[in-house]
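Both counts, for ligands and for their atoms, begin at 1 and track the order of listing.
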Amino acid sequence: MNQQDIEKAAQMILAAREVVVFTGAGVSTESGIPDFRSPDGIWSRYDPEDFTIQRFIASKEARKRNWRLREELIAANYQPNPAHIAIADLERMGKLRCVITQNIDGLHQAAGNSPDRVIEIHGTIKFAKCLECDKRFPITDVLQRIKNGDEDPHCEVCGGLLKAATISFGEAMPQKEMYEAEKASRECDLFIVIGSSLVVYPAAQLPIIAKRSGAKLIIVNFTPTDQDSMADLVLHGKAGEVMSAILEKVREKVS
Ligand code: APR
């Protein structure tokens with residue numbers, strides 16, 4: 001971790017009028033949640049094809065595998081790590097417009113970010129939704145039904161298929177969340193990507209929108225991303241260490 005880059009990032013945050021943070025699975029790996037495309041990531045253990053909306057609707061076996069992964073994530077009761085805490089500190093300092101996250105784990109809210117400042121563009125694992133009537137149920141209630149033997153749960157209101165309220169491949173992006181995310185990306189003057197390979201669109205379009213709208217772009221990621229060449233500053237390292245060091249430097253400068 002290069003101290004000059006930490007210093008530069010802190011200066012860019014202090015100089016910014018409005019910061020947007022954009023996170024991917026890499027911000028949660030230090031909480032114990034595997035990411036998707038690293039060597040030991042989720043797609044090394046599960047077939048992404050099983051997680052398309054088409055397969056979910058067509059195959060009871062795929063739905064059972066999908067519920068098993070959700071059960072694994074909920075049962076582990078993961079906690080926020082220093083990267084989430086640092087991002088919540090940015091909000092506490094009054095610098096953060098919002099966190100746009102691809103993650104479904106709810107750890108930004110658990111770390112202290114206000115729910116209305118967390119835009120979950122790939123949905124959330126905290127609820128299940130009916131694919132017919134869109135009614136929502138706490139996911140713990142649905143997982144309990146599965147534990148009680150209902151291995152393919154359907155909506156109690158209309159009989160439609162239930163699914164975790166995440167956005168699967170092939171499923172439409174949430175309109176309200178994407179509108180808010182694109183607006184924030186256009187209007188901010190500093191966009192910070194943390195822990196994303198930036199290979200999944202339309203999410204990965206957001207840093208490009210920010211940059212094209214005149215914002216400065218910082219990328220904090222363990223490995224190089226497709227958009228490093230476009231960034232004003234790239235810090236390759238662990239999100240927890242890098243973000244904690246940056247926020248410590250910011251606090252030093254404002255005290
Ligand atoms: N610190 C910094 N970066 C990290 C860390 C860490 N502790 N751990 C992992 N990373 C980096 C990895 O090097 C990788 O480049 O985070 C990135 C995570 O990339 P992906 O696994 O592709 O996750 P993400 O970018 O969030 O994927 C986007 O793809 O499968 C879909 O819906 C899923 O929302 C997800 C989307």
Side-chain angles (χ1 to χ4, degrees), residues 1-2 5-6 9 21-56 62 65-66 69-70 72-73 78-87 99-108 111 118-126 163-174 177-178 181 191-208 218-231 233-247:
M1 191 165 55
N2 171 325
D5 288 346
I6 298 293
V21 169
F22 173 92
T23 61
V27 84
S28 296
T29 54
E30 292 163 67
S31 297
I33 304 176
D35 67 11
F36 293 93
R37 293 172 184 82
S38 287
D40 56 349
I42 288 178
W43 297 146
S44 68
R45 285 189 291 132
Y46 286 86
D47 173 5
E49 274 308 305
D50 248 3
F51 290 80
T52 62
I53 189 67
Q54 293 82 357
R55 178 74 66 81
F56 185 90
R65 284 193 289 275
N66 201 298
L69 175 60
R70 305 318 173 181
E72 190 185 298
L73 285 173
Y78 296 109
Q79 296 303 312
N81 69 61
H84 296 108
I85 305 293
I87 296 164
V99 188
I100 302 168
T101 187
Q102 302 172 92
N103 300 338
I104 58 173
D105 54 36
L107 290 181
H108 289 302
V118 180
I119 305 176
E120 295 174 311
I121 55 173
H122 287 167
T124 174
I125 196 171
K126 299 292 184 194
K163 175 183 173 295
T166 59
I167 304 299
S168 301
F169 292 122
E171 209 174 346
M173 294 291 279
E177 287 76 3
M178 279 308 285
F191 193 96
I192 307 176
V193 173
I194 308 173
S196 180
S197 60
L198 295 174
V199 297
V200 172
Y201 286 78
Q205 190 66 27
L206 293 169
I208 297 169
I218 297 176
I219 296 178
V220 176
N221 203 57
F222 202 60
T223 52
T225 76
D226 290 358
Q227 298 185 23
D228 282 8
S229 57
M230 186 180 69
L233 180 62
V234 177
L235 296 102
H236 286 152
K238 294 182 75 173
E241 285 166 21
V242 172
M243 289 310 298
S244 301
I246 291 171
L247 265 289

Colleague: Do Asn66 and Asp50 come within less than 4.5 Å of each other through their side chains, counting heavy atoms only?
Modeller: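 Not in contact.
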Colleague: Protein residues near ligand 1, heavy-atom distance below 4.0 Å?
Modeller: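 For ligand 1, the contacting residues are Gly24, Ala25, Gly26, Thr29, Glu30, Asp35, Phe36, Arg37, Ser38, Trp43, Gln102, His122, Phe169, Gly195, Ser196, Ser197, Val200, Asn221, Phe222, Thr223, Gly237, Lys238, Ala239.
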Colleague: Any carboxylate oxygen within less than 4.0 angstrom of a Lys/Arg side-chain nitrogen, looking at Arg45 and Glu72?
Modeller: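 Looking at Arg45 and Glu72, the cut-off is met.
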Colleague: Can you tell me if Asp228 and His236 form a side-chain donor-acceptor pair at under 3.5 Å?
Modeller: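 The answer is yes; a qualifying pair exists.
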Colleague: Within the 4.5 Å heavy-atom criterion, are Gln227 and Asn221 side-chain neighbours or not?
Modeller: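 When only atoms from C-beta onward are counted, Asn221 and Gln227 do not touch, as no gap falls below 4.5 Å.
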Colleague: Hey, is CZ on Phe222 packed in by over 12 heavy atoms from elsewhere, all under 6.0 Å?
Modeller: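 Counting other residues, nucleotides and ligands, CZ of Phe222 stays at 12 neighbours or fewer.
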Colleague: Does a side-chain heavy-atom distance below 4.5 Å link Tyr78 with Asp105?
Modeller: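 Side-chain contact under 4.5 Å: no.
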